[in-house]
Amino acid sequence: MRFASVAFLLALAWSAAASAEQRSDEFLSCLAGIKQAAHSAGISPAITEAALKDVKEPAERVLKLSEVQPETKFHIWDYLGFLVDDQRIDDGKAKMAEHDALLRAVEERYGVNRYVVAAVWGVETDYGRAVGRNFLPHALTTMVCKNDHRTEFWQKQLIAALQLVERGDLQLEKLYGSWAGAFGQTQFIPTTYEHFAVDFDGDGKRDLVDNVADALGSTANYLRGNGWQPGASWLIEVKLPAGYNGPTGRKNKASLSTWTQRGITRWDGSPLRGQGSAGLLLPAGKEGPAFLTFKNFDAIWTYNRAESYALAISHLADRMAGYPAFRTPWPTDDLGLSRAQRYRLQELLIAEGYDIGEADGKIGSRSQAAIRKHEEKLGWEPTGRAGTKIFKALGGE
Ligand code: CA
């Protein structure tokens, strides 16, 4: 852009204005199409009109969030560092005590381990504290009208969300969630809600937004419906024999006796025991912690379709149940930070004079830029990553 001529810039501005108008026409006609589809799906015009009355243009924030690409390299120890930190473990224990009778009733009815149900709640919304602030009809309309290869998916979500209102499960003003339509205490997308939500407290409504009983019951119902086996394991930490060269991967399942033949033991070298078939998961390669993952791990995986996610849920559940942290260290000298440490890191960056706004514990683009600057100042390679090294270099403890 530095060498662009004035004429070129003017032409660009003109075409931007013209295409903005065109975009607006396209959006309005897309909106009309959505109303028609809602009508065909049996949703009363009053509900559709109320849901879309303030939707005049795409939600900029949703468009932005839908295009976010992580700037820094993803490390499993960063991800687990903030998702399974002491705060979330302690909060989870307190929440489990508060809802003990409910969680036991949920476990009894669906056979899903209550620590795992609570861990999903903790990771998805920090036990109901962070449920998302995007109005679903607006967010989902934005995604439908973006007209990419997933239009049909987004439209299904939008119609399913309106159907929840049509059926009386929820009122419109409860439809707030993530840009991608996940909402409620355990972040179901509307079609998942439609299929797996249950009225656990029996008041006639399936309310996963404000009713903890319905939310936790529905989460267990979802896991059971996606392959959870009552009483079975989800994850155990194991040890590889020196020079292990055998099969790996969650899907390469074998019996525990086969794994024993391959030289795998429990983390402390004792023989494997228990039932079921499992895959060998090495989230950071052969030098890091190794796990056997069972079918229940796969059930958790379906919740977000990521092994790192399933590992976070599995480990948080184990930690809340009193089991220790992984025994094998991650293969790094620069571990990830907890949320409290991220917050402190931001305070330290602010104290150094970096303009990153207010500390909130979320490492966004401004925090990353400040970290990069400070890394450069220290003569390090600029990564923008919030790790232990930069934290300590800034005086964190
Ligand atoms: Ca209910």
Side-chain angles (χ1 to χ4, degrees), residues 65 68-92 119 122-123 126 130 235 237-240 242 248 267 281-291 304 306-316 318-320 323-397:
L65 288 168
V68 163
Q69 301 286 340
E71 283 180 41
T72 50
K73 194 172 176 300
F74 175 90
H75 291 291
I76 184 74
W77 45 85
D78 285 342
Y79 182 78
L80 291 171
F82 79 93
L83 281 180
V84 192
D85 61 10
D86 288 345
Q87 192 185 337
R88 206 178 312 263
I89 295 165
D90 292 344
D91 288 351
V123 165
D126 201 17
L235 176 86
E237 189 178 350
V238 296
K239 195 172 146 192
L240 305 180
T248 60
W267 69 273
L281 187 71
L282 304 175
K286 288 179 194 168
E287 302 308 314
F291 306 96
N304 232 333
E307 287 171 352
S308 49
Y309 174 86
L311 191 60
I313 298 292
S314 300
H315 192 43
L316 179 59
D318 284 343
R319 294 299 304 276
M320 291 195 295
Y323 292 97
F326 300 139
R327 274 68 162 222
T328 306
W330 295 111
T332 175
D333 59 356
D334 191 11
L335 280 170
L337 301 177
S338 67
R339 282 171 297 166
Q341 288 171 319
R342 285 168 180 237
Y343 189 91
R344 181 72 189 130
L345 173 70
Q346 289 179 317
E347 288 183 333
L348 293 165
L349 287 167
I350 291 165
E352 285 287 326
Y354 294 106
D355 178 18
I356 59 165
E358 271 183 45
D360 62 358
K362 291 176 188 145
I363 306 296
S365 55
R366 290 166 84 186
S367 296
Q368 289 177 11
I371 293 168
R372 268 193 293 274
K373 272 190 200 160
H374 201 72
E375 287 173 319
E376 277 173 346
K377 203 168 148 187
L378 294 167
W380 300 359
E381 187 202 340
T383 66
R385 182 180 156 254
T388 313
K389 271 188 176 172
I390 190 76
F391 181 59
K392 288 188 174 157
L394 282 159
E397 281 170 24

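For NZ of Lys392, the number of neighbouring non-hydrogen atoms (other residues, nucleotides, ligands) closer than 6.0 Å is 12 at most. More than 12 heavy-atom neighbours from other residues, nucleotides or ligands sit within 6.0 angstrom of CD on Glu376.
Shown here for Leu83 and Leu316, the closest heavy-atom pair between the two residues is O-CD2, 4.4 Å. In terms of heavy-atom proximity, Ala290 sits nearest to Leu282 at CB-CD2, 3.4 Å. Residues Met320 and Gly92 approach most closely at SD-CA, 3.4 Å, considering heavy atoms. Residue Ser308 comes nearest to Tyr79 through the heavy atom pair O-CE2, 3.2 Å, listed as atom of the first residue, atom of the second, then distance. Counting all heavy atoms, side chain and backbone alike, Ala393 lies closest to Leu378 at CB-CD1, 3.9 Å. Pro331 and Pro289 get closest at one heavy-atom pair: CD-CD, 4.5 Å.
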Verify side-chain contact (heavy atoms from CB on, under 4.5 Å) between Phe326 and Leu80, making sure each step is shown before the conclusion.
CA-CA 11 Å; Phe326 300 139; Leu80 291 171; 4.0 Å; yes
For Phe291 and Ser314, what are the C-alpha separation, side-chain angles and deciding distance, and is it a side-chain contact (heavy atoms from CB on, under 4.5 Å)?
CA-CA 11 Å; Phe291 306 96; Ser314 300; over 6 Å; no
Salt bridge (charged side-chain N to carboxylate O under 4.0 Å, His left out) for Asp334 and Lys389? Distances and angles first, verdict last.
CA-CA 6 Å; Asp334 191 11; Lys389 271 188 176 172; 5.6 Å; no
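Interatomic distance, CZ of Phe391 versus CG of Leu348, reported as 6.5 Å (0.5 Å rounding). To the nearest 0.5 Å, the span separating CZ on Arg385 from CG on Leu337 amounts to 7.5 Å. A distance of 11.0 Å separates OG of Ser365 from CD1 of Ile356, quoted to the nearest 0.5 Å. Residue Asp355 holds its CG atom at 11.5 Å from CG of Leu349, rounded to the nearest 0.5 Å. Taken from CD1 in Ile371 to CG in Leu345, the straight-line distance is 5.0 Å, to the nearest 0.5 Å. The structure places CD of Gln346 at 10.5 Å from CZ of Arg366, a figure rounded to the nearest 0.5 Å.
Among pairs with a residue in residues 347-389, those fulfilling ring pair (Phe, Tyr, Trp, His ring centres under 6.0 Å) read Tyr354-His374, at least two apart in sequence or across chains.
Between Thr383 and Ile390, the closest side-chain pair of non-hydrogen atoms is not below 4.5 Å. Side-chain contact between Leu311 and Leu235: present, with at least one pair of heavy atoms (C-beta onward) separated by less than 4.5 Å.
Put simply, the side chain of Glu287 never gets that close to the backbone of Thr332: no donor and acceptor are under 3.5 Å apart. Under the 3.5 Å distance criterion, the side-chain polar atoms of Ser338 are left unmatched by any main-chain donor or acceptor of Asp85. Remark: the backbone N or O of Thr328 is paired with a side-chain donor or acceptor of Glu237 at under 3.5 angstrom. The main-chain N or O of Lys362 is found under 3.5 Å from a side-chain atom of Asp360 such that the two form a donor-acceptor pair.
Partners of Lys377 by salt bridge (charged side-chain N to carboxylate O under 4.0 Å, His left out), not counting sequence neighbours, listed by chain and number: Glu352. Evaluation of the ring pair (Phe, Tyr, Trp, His ring centres under 6.0 Å) rule for Tyr343 yields no partner, not counting sequence neighbours. Legend: residues meeting salt bridge (charged side-chain N to carboxylate O under 4.0 Å, His left out) with Arg88, ordered by chain and number and at least two apart, are Asp126. Glu347 is linked by a salt bridge (charged side-chain N to carboxylate O under 4.0 Å, His left out) to Arg344, counting only residues two or more places apart in sequence or in another chain. Partners of Asp318 under the salt bridge (charged side-chain N to carboxylate O under 4.0 Å, His left out) rule, at least two apart in sequence or in another chain, do not exist in this structure.
Under the 30°/60° scheme for interplanar angles, the aromatic rings of His75 and Trp77 are found to lie parallel.
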